[in-house]
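Note sheet for the following structure.
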2 protein chains.
Amino acid sequence: MKRNTWQREAVRGALGTQMGFVSAQALHSSLKNTGSQIGLATVYRALADLASEGEADSLQSPEGEALYRACSLAHHHHLICRSCGLTVEIEADEVEEWAGRTASLHGFSRPEHVVDIFGFCSACVPT
Amino acid sequence: MKRNTWQREAVRGALGTQMGFVSAQALHSSLKNTGSQIGLATVYRALADLASEGEADSLQSPEGEALYRACSLAHHHHLICRSCGLTVEIEADEVEEWAGRTASLHGFSRPEHVVDIFGFCSACVPT
DNA sequence: AGCTAATTGATAATGATTGTCAAAATCAGG
DNA sequence: CCTGATTTTGACAATCATTATCAATTAGCT
């Protein structure tokens, strides 16, 4: 049976306060800074749980770190600022449809797709 | 000045013989198995070079490993079999256009996107 | 051949993530 | 409110991919 612990709640809460994607390490530091004594391993476990329950999105940063973010439950994609991490959830029915069509065109079944756009948000446009 | 070494050629050659995406580690093992004495660090360096020159594609596996694959120079996306690794390069003008449109709609500039579809190819459909 | 800077490769270092396992905390029932 | 079975935690060790180090080698030029 799954139990409710303050640690799990703390992770869920901390994730909710983040603007964009955060690494497990960063979230752990953040929690420690606010006085929590939560352990690093616990943060990893809680994030993995949240992700598998659909309460969080996870993706790999270009550097290979796993990043997490609280999300709505529906399937969606992301528009992520490379500079400040600002994340916008986007719907992409057009792309969903295209992905399914393309997959079956090539004989692939059970398609899952990764569609994320990285760029610079209006506040972070580099010179 | 960039030099041509047999090591770099060996990596380029080995990448070309692979069906789908391979990790640097796997490619190194593969080279060792065929008698090459190339060093692991060199494989990493060669792959990073090939990727930055556009001769190879790189992506992160769900487990966080960096995977590489020889590719054509034009921008394109992938349809990847989760089971056997078979990879099909796909063009997606439709998606390119959508990505650009969506990015600017939200005030993002210099969009780059990650659009890969994972599924099971016709030979690997699970029960 | 000889020079010089780029490249190699063995190994150490790094850094994120996972495994371990005893101690602590949770939930259900009485 | 206790008790007990079971889950969860957390400090730390272990792992694994990747990167840095740096002396020795080598490519490419003259």
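Both backbone and side-chain heavy atoms feed into the values below; hydrogens, waters and symmetry mates do not. First the proteins, then the strands, lettered A, B, ... as listed; each starts at 1.
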Residues passing the side chain to side chain donor-acceptor pair (under 3.5 Å) test with A/Asp57, sequence neighbours excluded, are A/His76, A/His78
With sequence neighbours left out, the residues meeting side chain to side chain contact (heavy atoms under 4.5 Å, CB included) with B/Arg3 are none
First and last nt of DNA chain D near chain A, cut-off under 4.0 Å to heavy atoms, 5' to 3', are D/dA5 to D/dA11
- Query: Shared ILVMFWY cluster between B/Leu50 and B/Tyr68, side chains joined below 4.5 angstrom?
  - Reply: yes
A/His28 NE2 to C/dT17 P, in whole Å, measures 13 Å
d(B/Leu31 CG, B/Thr17 OG1) to nearest 0.5 Å is 8.5 Å
Sorted by chain and residue number, the side chain to side chain contact (heavy atoms under 4.5 Å, CB included) partners of A/Tyr44 (sequence neighbours excluded) come out as A/Ala24, A/Gln25, A/Leu40
Check: residues 100-107 of chain A side-chain donor-acceptor pairs under 3.5 Å, at least two apart:
unit_1, atom_1, unit_2, atom_2, d
A/Arg101, NE, A/Glu97, OE2, 3.1
A/Arg101, NH2, A/Glu97, OE1, 3.2
A/Arg101, NH2, B/Glu94, OE2, 3.3
A/Thr102, OG1, A/Trp98, O, 2.8
A/Thr102, OG1, A/Trp98, NE1, 3.2
A/Ser104, OG, A/Gly100, O, 2.9
A/Ser104, OG, A/Arg101, O, 3.2

Given protein heavy atoms under 4.0 Å, the one-letter contact record of nucleotides 18-24 of chain C, with B base, S sugar-phosphate only and - none, is simply BBB----
Sorted by chain and residue number, the side chain to side chain contact (heavy atoms under 4.5 Å, CB included) partners of B/Ala70 (sequence neighbours excluded) come out as B/Leu15
- prompt: Between B/Thr42 and C/dG9, is there a side-chain N or O to OP1/OP2 distance below 4.0 Å?
  reply: yes
Atom NZ of A/Lys2 and atom P of C/dA28 are separated, to the nearest Å, by 14 Å
If you look at every strand shown and take non-hydrogen atoms under 4.0 Å, does B/Gln7 touch a base, only sugar-phosphate, or nothing? sugar-phosphate
Residue set satisfying side chain to side chain donor-acceptor pair (under 3.5 Å) with B/His113, at least two apart, ordered chain then number -> B/His75, B/His77, B/Glu96
Rounded to whole Å, CZ of A/Arg8 lies from P of C/dC27 at a distance of 11 Å
When rounded to whole Å, the CD1 to C1' distance for the pair A/Ile38 and C/dA25 reads 14 Å
Contacts of A/Thr42 meeting side chain to side chain contact (heavy atoms under 4.5 Å, CB included) (sequence neighbours excluded), chain-then-number -> A/Gln7, A/Ile38, A/Arg45
Atom CD of A/Glu65 and atom C1' of C/dT17 are separated, to the nearest Å, by 11 Å
Rounded to whole Å, the CD-P distance (B/Glu9 to C/dT7) equals 14 Å
One would report the end-axis bend of the helix from C/dA1-D/dT30 to C/dG30-D/dC1, five pairs per end and rounded to 10 degrees, as 30°
Residues 11-23 of chain A vs salt bridge (Lys or Arg N to Asp or Glu O under 4.0 Å), sequence neighbours excluded, gives A/Glu9-A/Arg12, A/Arg12-A/Glu55
Note: A/Ala46 and A/Arg8 closest approach over all heavy atoms is CB-CG, 4.5 Å
